[in-house]
Amino acid sequence: MRIVFWQNCLSPHQLPYIVHLMDDKRVDEVVVVTEESISDERKKMGWELGCYPQIEKCSIIISPNNDKIRALFNMREADSWHLFSGIHGFPFIFHCFKISLVYNIKRGIVTECPYTYAFGSNNGKPLWLHSIRFFLQDYKYAKYIDKVFAMGNRATKYFKSVYSKWNVYPFMYCTQPKEKNNLITNQTATTKFLFVGSLSYRKSPKIISSSLVSCIKNNSKFDCHVTYVGDGNRRIDLENYIIKNNLKSYVTLTGFQPQTEIPTWMSKNDILILPSIHDGWVVNEALQTGMYVICSNTCGAADLLKDERIGKVFHVNNEQQLSEIMQWCHDNIDTIRHDRFFRQQWADKHISGRVLAKYMINCLIENK
C-alpha cells in the first residue's frame, strides 16, 4: 500500500507516526506533499527539521507544480490512499484536493474539529454555523471522501453528524518522545507546574495564574512554581497580572524555546496544565515524558485522561475547579512523582507514533 499525505507544512504532530508507517509490511511507500517545509509560525516556536528523526523513510515533496501534483495522483491509483489535512482549511490543500477529483483514487481527511471558541473572537463560530457552512460549501465533495481521521471525541461526533456515509475514526496527534534515560525527574519539595504553548486567547494561559492566586489565598503553605514556555499577544496582559498579584516569585515566563528542548522542560516539571479554549495536543508529549496532566474539557486530548493516575480534566474557564485540582496535585505530589514511569509506559502502549501508525493502517484496510 502507498500512502500520500497532503499538508500545508511538515506537521510536528503528525510526522512522529508518519515515519513509522513503513515499519509495517503492508505499506511500501509513504509520500508527504506540503506547500512549505516549516511555517513561519512553527519556526518562531522553535521547530526545526532536526526534530523529525527517521524522516528519510518518507518521500518529501515541497510546493509541487500542477504537473507534479497530477503525476502523484496518477501513480499507483489502485493501491494508494491520499490523506488530506481537511478540505477547505488551507488553499494549497484545497487546490490539490480539487485536482484529485478526476482520478479514481481512495481519499481520506485527517482533521481537527472546526474552531468554535468565543463567537465573535478571531475566527470562532458556534458548531451549528460550521455545520451550515459544511452543507453550503463542502457537502458536494463529501462523496469523494472515504475515511475521516478525526482528532478527539468532539471532532469524531461532529464529522459523523455532517455526513453519515463517512467512516470516521477517532485519532490524535503525537510527538517524538525523548529517550527515557535522558530524562530528569524533579526532586525538589516545590510542586512544579508547566504550561507549553502560545500565550494567546485560544490557549487561555492567564487562568493558571488566577487559579494560583486562589490556591495561595486558601493555603499559605502552598509551595509551587509555574513556568510558562511560549510567547504571544497575551504576554503583556499576563505579565501585568503577575506583577499586580505579587506572583513574581511563583511564576517564570521563558518565551519560546527550541522544540528540541521541550522534553527537557517537561522532565524537570511535575504537572502540565493546558487550559485551552480549543485544541491542545501537547498533552501527548507530556505523557510521553511521564508528566501528570491537567487540561480543559475542550482540549482534544482530554479524551486520554480517564485514569486519575494520568491526569484530570476541568471545565474550560472554570477557575475554581482548576485551583482545586492544582491544590489536589500539591497535596498528592509524592504519588504523582511515583507514578511517572507508569505514565511513560502507558503513553508508549497507547499514543506513541508506532501505535498510531499501526492503528491508521488497520483503519485504511478496513472495509465497512
Take Asn233 and Ser200 through the test side chain to side chain contact (heavy atoms under 4.5 Å, CB included) and record every step on the way to the result.
CA-CA 6 Å; Asn233 57 15; Ser200 62; 4.2 Å; yes
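- Side-chain atoms of Glu319 and Ser211 include no donor-acceptor pair closer than 3.5 Å.
- Summarising the geometry of Phe92 relative to Pro64, their closest heavy-atom pair is CZ-CD, 3.8 Å, with the distance given to 0.1 Å.
- With Tyr173 as reference, Glu112 is the one residue of Gln14, His13, Glu112 to meet the side-chain hydrogen bond (donor to acceptor under 3.5 Å, both in side chains) rule.
- Counting only heavy atoms from C-beta outward, the side chains of Val31 and Phe5 never approach each other to under 4.5 Å.
- One N or O on the side chain of Trp166 and one on the backbone of Ala142 form a donor-acceptor pair closer than 3.5 Å.
- Under the 3.5 Å distance criterion, the side-chain polar atoms of Asn245 are left unmatched by any main-chain donor or acceptor of Leu247.
- For the residue pair Asn362/Glu366, the side-chain donor-acceptor check at 3.5 Å is not satisfied.
- Among the candidates Ile273, Ile208, Thr252, Thr227, the single residue satisfying the side chain to side chain contact (heavy atoms under 4.5 Å, CB included) test with Leu194 is Thr227.
- At a threshold of 4.0 Å, the pair Lys206-Asp237 counts as salt-bridged, since one of the basic side-chain nitrogens sits closer than that to a carboxylate oxygen.
- Side-chain atoms of Asn318 never come within 3.5 Å of backbone atoms of Phe314 as a donor-acceptor pair (strictly under, hydrogens ignored).
- Looking at Arg234, its side chain never comes within 3.5 Å of a backbone N or O of Ser198 through a donor-acceptor pair.
- Under a 3.5 Å cut-off, the side chain of Asn65 and the backbone N or O of Lys68 do form a donor-acceptor pair.
- Taking both residues in full, the closest heavy atoms of Ile262 and Glu285 are given as CG2-OE2, 3.7 Å, listed atom of the first, atom of the second, then distance.
- Dense packing is recorded around CZ of Phe342, with more than 12 heavy atoms of other residues, nucleotides or ligands lying under 6.0 Å away.
- Of all non-hydrogen atoms in Val30 and Met22, the two that sit nearest each other are CG2-CG, 3.6 Å.
- To the nearest 0.5 Å, atom CD1 of residue Ile87 and atom NZ of residue Lys98 are 12.5 Å apart.
- For His330, there are no side-chain hydrogen bond (donor to acceptor under 3.5 Å, both in side chains) partners, not counting sequence neighbours.
- Side-chain contact between Leu253 and Arg235 is present, with at least one heavy-atom pair separated by less than 4.5 Å.
- Ring pair Phe193/His225: centre-to-centre distance not below 6.0 Å.
- Shown here is Gln320, whose CD atom has no more than 12 heavy atoms of other residues, nucleotides or ligands within 6.0 Å.
- Using a 4.0 Å cut-off between charged nitrogen and carboxylate oxygen, Glu29 and Arg76 count as a salt-bridge pair.
- With a 4.5 Å cut-off on side-chain heavy atoms, Leu72 and Arg2 count as touching.
- Clustering ILVMFWY residues whenever any of their side-chain heavy atoms sit less than 4.5 angstrom apart, transitively, puts Ile60 in a cluster other than the one holding Met75.
- In the hydrophobic cluster analysis, where Ile, Leu, Val, Met, Phe, Trp and Tyr join through side-chain heavy atoms closer than 4.5 angstrom, Tyr144 is grouped together with Ile99.
- The ring pair (Phe, Tyr, Trp, His ring centres under 6.0 Å) search around Tyr17 returns Phe171, not counting sequence neighbours.
- For the pair Phe195 and Leu199, the minimum side-chain heavy-atom distance is below 4.5 Å.
- A distance-only check finds no donor-acceptor pair linking the side chain of His338 to the backbone of Asp334 [under 3.5 Å].
- Of the possible polar contacts, none joining the Asn167 side chain to the Lys147 backbone as a donor-acceptor pair under 3.5 Å is found.
- By the criterion of side-chain heavy atoms lying less than 4.5 angstrom apart, applied directly or through intervening Ile, Leu, Val, Met, Phe, Trp or Tyr residues, Ile236 is not grouped with Val226; the two fall into different hydrophobic clusters.
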Apply side chain to side chain contact (heavy atoms under 4.5 Å, CB included) to the pair Tyr292 and Leu287, showing each step before the final yes or no.
CA-CA 7 Å; Tyr292 195 78; Leu287 291 173; over 6 Å; no
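- Residues Ile333 and Ile271 meet the side-chain proximity criterion, which asks for heavy atoms closer than 4.5 Å.
- For the 3.5 Å distance criterion, the side chains of Tyr228 and Ser209 qualify, holding a donor opposite an acceptor.
- Taking every heavy atom of both residues into account, Ser276 and Val316 meet most closely at O-CG2, 3.9 Å.
- The environment of Lys358 atom NZ is sparse: at most 12 non-hydrogen atoms of other residues, nucleotides or ligands sit within 6.0 angstrom.
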Would Met360 and Leu83 count as a side chain to side chain contact (heavy atoms under 4.5 Å, CB included) here? Give the steps.
CA-CA 11 Å; Met360 172 172 273; Leu83 302 179; 3.9 Å; yes
Using side-chain hydrogen bond (donor to acceptor under 3.5 Å, both in side chains), reason through Asp348 and Gln344 one step at a time and then give a plain yes or no.
CA-CA 6 Å; Asp348 284 344; Gln344 287 181 328; over 6 Å; no
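- The side-chain heavy atoms of Ser204 and Asn317, taken from C-beta on, include a pair separated by under 4.5 Å.
- Between the side chain of Arg343 and the backbone N or O of Ile336 there is at least one donor-acceptor pair closer than 3.5 Å.
- For the pair Asp23 and Arg354, the salt-bridge criterion is met [side-chain N within less than 4.0 Å of a carboxylate O].
- Tracing side-chain contacts under 4.5 Å through hydrophobic residues (I, L, V, M, F, W, Y), one reaches Leu15 starting from Ile62; they form part of the same cluster.
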With side chain to side chain contact (heavy atoms under 4.5 Å, CB included) as the criterion, how do Asp146 and Trp81 come out once you've worked through the C-alpha distance, each side chain's angles and the decisive distance to 0.1 Å?
CA-CA 10 Å; Asp146 303 291; Trp81 271 99; 3.7 Å; yes
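- Clustering ILVMFWY residues whenever any of their side-chain heavy atoms sit less than 4.5 angstrom apart, transitively, puts Leu305 in a cluster other than the one holding Val355.
- By the 6.0 Å and 45° rule, Arg107 does not stack over the aromatic ring of Phe84.
- The number of heavy-atom neighbours closer than 6.0 Å to NZ of Lys140, taken from other residues, nucleotides and ligands shown, is above 12.
- Taking 4.5 Å as the limit, some side-chain heavy atom of Val27 sits within range of a side-chain heavy atom of Ile3.
- With hydrogens and angles disregarded, no donor-acceptor distance shorter than 3.5 Å links the side chain of Ser323 to the backbone of Ser214.
- Put simply, the side chain of Phe97 does not reach to within 4.5 Å of the side chain of Ser85, judged on heavy atoms.
- Nearest approach of Cys363 to Phe149, heavy atoms of both residues: CB-CE2, 3.7 Å.
- In this structure, Met172 and Ile351 approach most closely via the heavy-atom pair SD-CG2, 3.3 Å.
- Side-chain polar atoms of Ser296 and Thr298 form a donor-acceptor pair below 3.5 angstrom.
- We find that Asp67 and Arg70 are joined by a salt bridge, their nearest charged nitrogen and carboxylate oxygen being less than 4.0 Å apart.
- Thr190 places no side-chain N or O within donor-acceptor distance of the main-chain N or O of Cys224, the cut-off being under 3.5 Å.
- Legend: residues meeting ring pair (Phe, Tyr, Trp, His ring centres under 6.0 Å) with Phe94, ordered by chain and number and at least two apart, are His88, Tyr141.
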